[in-house]
Enquirer: 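Dropping the structure in here first, questions after.
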Amino acid sequence: QRKAGSFDAALGLDVETVELRGIEPGQTPFVIVGESGKGKTNMLRVILEQVADEAESFVIDSKAMNLYGYADKDLFYLQSVEQIDEFAQELEDIIQDREDERIRLMEAEKGLMPKQCYAKMDRCFIIIDEMDDFVEKLGPKPERLLPLFKRAVGCGIYVIITVHSAKLKGFDDLSRWVKTASDGLLISDQGMLNIFPLRSPRENPVMGQGLLFKNGVYQRLLLPLCEE
């Protein structure tokens, strides 16, 4: 079981304290927002370098296939529309196993809460590069996967998504769900999206930094560069 206050994927150093910060249990969905060329995919690589060999992982790549280097890893790599149904079935199976294990743990240890049960389980990650590309892959009804994603989040699976600050203009339920995220990383001006609350544009991060949000409150981080 992970300790309270620990994190499951390191993201960078706190600018003020120089302490390592990262994605903590329960921070899902986790949305990485930024303009082109500011390092969104780089941060996915930073995460994948830590989890790809150790945790059950799904990688849903963008049209640019910037994460193709992970296709030969022991994970589910999705790039084509034809893989959507297989992805959904494999995720459904994992979710069902976790929900069944939660029931078993709660029966074995009275007073245990669902979140405590899921914290005892192995980590699982769904990494999506470019939300707009993923919505396009899903076709005319992208919301068909929303119930599955909500169940995934509910059983402690990390859903980590990059969003271009000038995009995510869809009005489908899945895109709206992503826009309501309170946890994530802002690595540049977020344009008109306003997913994360800032009092002033002067708070926007400079290149090489990011704002790590947890429930709408941020810490400023120095971000690493992951070589391709």
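One is the number of the first residue; the rest follow in order along the sequence.
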Enquirer: Checking the side chain of N204 only, and the main-chain atoms of I187 only, is there a donor and an acceptor separated by less than 3.5 Å?
Expert: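 No, because the side chain of N204 does not come within donor-acceptor range (under 3.5 Å) of the backbone of I187.
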Enquirer: side-chain contact (heavy atoms from CB on, under 4.5 Å) with P29: which of I157, V153, T180, I126?
Expert: V153
Enquirer: How close do Y158 and G26 get, counting heavy atoms only, and between which atoms?
Expert: OH-N, 4.2 Å
Enquirer: Decide whether L212 and V217 are clustered together by the hydrophobic rule: side chain heavy atoms of Ile, Leu, Val, Met, Phe, Trp, Tyr closer than 4.5 Å, transitively.
Expert: no
Enquirer: Determine, using the 4.5 Å side-chain heavy-atom cutoff (strictly less than), whether V18 and F7 are members of one ILVMFWY cluster.
Expert: yes
Enquirer: For D53, check side-chain hydrogen bond (donor to acceptor under 3.5 Å, both in side chains) against everything at least two apart and list the hits.
Expert: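 Here no residue qualifies.
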Enquirer: Tell me every residue that passes side-chain hydrogen bond (donor to acceptor under 3.5 Å, both in side chains) with Q83, counting only those two or more places apart in sequence or in another chain.
Expert: S80
Enquirer: Whether the Y218 and E203 side chains hold a donor-acceptor pair (N or O, under 3.5 Å, no angle test) is what I'd like checked.
Expert: yes
Enquirer: Could you check, using the six-membered ring where one of them is a Trp, whether F58 and F87 have ring centers closer than 6.0 angstrom?
Expert: yes
Enquirer: Measure from the side-chain N and O atoms of E19 to the backbone N and O of L13, and report whether any donor-acceptor pair falls under 3.5 Å.
Expert: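 Checking the backbone N and O of L13 against the side chain of E19, no donor-acceptor pair under 3.5 Å is found.
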Enquirer: How would you list, by chain and number, every residue that makes a side-chain hydrogen bond (donor to acceptor under 3.5 Å, both in side chains) with D85, sequence neighbours excluded?
Expert: none
Enquirer: Distance-only, no hydrogens or angles: does the N42 side chain make a donor-acceptor pair with backbone N or O of C226 under 3.5 Å?
Expert: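 The answer is yes, because a donor-acceptor pair under 3.5 Å joins these two groups.
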Enquirer: Under 4.0 Å between a Lys/Arg side-chain N and an Asp/Glu carboxylate O for R151 and E99?
Expert: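 Yes, R151 and E99 are salt-bridged.
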Enquirer: Grab the two heavy atoms, one from P205 and one from S188, that are nearest each other, plus how far apart they are.
Expert: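 Closest heavy-atom pair between P205 and S188: CG-N, 3.6 Å.
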Enquirer: Does I160 belong to the same Ile/Leu/Val/Met/Phe/Trp/Tyr cluster as M65, with side-chain heavy atoms less than 4.5 Å apart forming each link?
Expert: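 As far as the 4.5 Å side-chain criterion goes, M65 and I160 are connected within one cluster.
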Enquirer: Consider only side-chain heavy atoms of I, L, V, M, F, W and Y, link residues closer than 4.5 Å, and tell whether F125 and Y68 are in one cluster.
Expert: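 Yes, because F125 and Y68 connect within a single hydrophobic cluster, where side-chain heavy atoms sit under 4.5 Å apart.
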Enquirer: List the atom of L67, the atom of Y77, and the distance in Å for their closest heavy-atom pair.
Expert: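 Minimum heavy-atom separation between L67 and Y77: O-CE1, 3.6 Å.
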Enquirer: Mind listing the closest non-hydrogen atom pair of Q27 and G22 along with its distance?
Expert: OE1-O, 3.7 Å
Enquirer: Main chain of G12, side chain of R21: is a donor-acceptor contact present, judged purely on distance under 3.5 Å?
Expert: no
Enquirer: Kindly write out the residues that satisfy side-chain hydrogen bond (donor to acceptor under 3.5 Å, both in side chains) with E54, not counting sequence neighbours, or none if the list is empty.
Expert: R123
Enquirer: Tell me whether Q116 contacts the main-chain N or O of M113 through its side chain, where contact means a donor paired with an acceptor under 3.5 Å.
Expert: yes
Enquirer: Restricting to non-hydrogen atoms, name the atom on S175 and the atom on V135 that form the minimum distance, rounded to 0.1 Å.
Expert: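 In this case the closest contact between S175 and V135 is OG-CG2, 3.7 Å.
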Enquirer: Let me check something: any side-chain donor-acceptor pairs from residues 136-143 under 3.5 Å, sequence neighbours excluded? List them with distances.
Expert:
from	atom 1	to	atom 2	distance (Å)
E136	OE1	K63	NZ	2.9
E136	OE2	K63	NZ	3.3
K137	NZ	D61	O	2.9

Enquirer: For D74, I'd like to know if atom CG has over 12 heavy atoms of other residues, nucleotides or ligands within 6.0 Å.
Expert: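 Not buried by this count: 12 neighbours or fewer within 6.0 Å.
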Enquirer: At their closest point, which heavy atom of R144 faces which heavy atom of P147, and how far apart are they?
Expert: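 R144 and P147 have their closest heavy atoms at O-CD, 3.7 Å.
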Enquirer: Take I128 and D133 through the side chain to side chain contact (heavy atoms under 4.5 Å, CB included) test and state the conclusion after the steps.
Expert: CA-CA 9 Å; I128 302 173; D133 286 358; over 6 Å; no
Enquirer: Look at the side-chain heavy atoms of Ile, Leu, Val, Met, Phe, Trp and Tyr, link any pair under 4.5 Å apart, and say whether L112 and M121 land in one connected group.
Expert: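 The answer is yes; both residues are in one hydrophobic cluster.
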Enquirer: Run the side chain to side chain donor-acceptor pair (under 3.5 Å) check on Q190 and N194 step by step: do they pass?
Expert: CA-CA 6 Å; Q190 61 184 331; N194 295 322; 4.5 Å; no
Enquirer: Give a yes or no on whether a salt bridge exists between R104 and E107, defined as a side-chain N under 4.0 angstrom from a carboxylate O.
Expert: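 No, R104 and E107 are not salt-bridged.
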Enquirer: So does D132 get a backbone contact from the side chain of K167, meaning a donor-acceptor N/O pair under 3.5 Å?
Expert: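 Flag not set: sc K167 to bb D132 has no pair under 3.5 Å.
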Enquirer: Quick one: does any side-chain atom of T28 pair with a main-chain N or O of V159 as donor and acceptor, under 3.5 Å?
Expert: yes
Enquirer: Is a side-chain donor-acceptor pair under 3.5 Å present for Q89 with D93?
Expert: yes
Enquirer: Tell me, do L174 and F149 make a side-chain contact under 4.5 Å, heavy atoms counted?
Expert: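 With C-beta onward as the side chain, the pair touches.
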Enquirer: Quick check against the 3.5 Å criterion: does K179 have a side-chain atom that pairs as donor or acceptor with the backbone of L193?
Expert: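 The answer is no, because no donor-acceptor pair under 3.5 Å joins these two groups.
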Enquirer: Go through the structure and list residues passing side chain to side chain contact (heavy atoms under 4.5 Å, CB included) with V15, not counting sequence neighbours.
Expert: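 Q209, R220, L222.
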Enquirer: Do any N or O atoms from the side chain of T162 and from the backbone of E130 form a donor-acceptor pair under 3.5 angstrom?
Expert: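 Yes, T162 side chain to E130 backbone: donor-acceptor pair under 3.5 Å.
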Enquirer: Strictly distance-based, threshold 3.5 Å: is any side-chain N or O of S57 a donor or acceptor partner for the main-chain N or O of A55?
Expert: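 Looks like yes, one N/O pair under 3.5 Å.
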Enquirer: Would you call K214-D183 a salt bridge at under 4.0 Å N-O?
Expert: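 No, this pair does not count.
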Enquirer: Any side-chain heavy atom of C155 within less than 4.5 Å of one from R102?
Expert: no
Enquirer: When you compare the side chains of E49 and Y70, does any donor N or O come within less than 3.5 Å of an acceptor on the partner?
Expert: yes
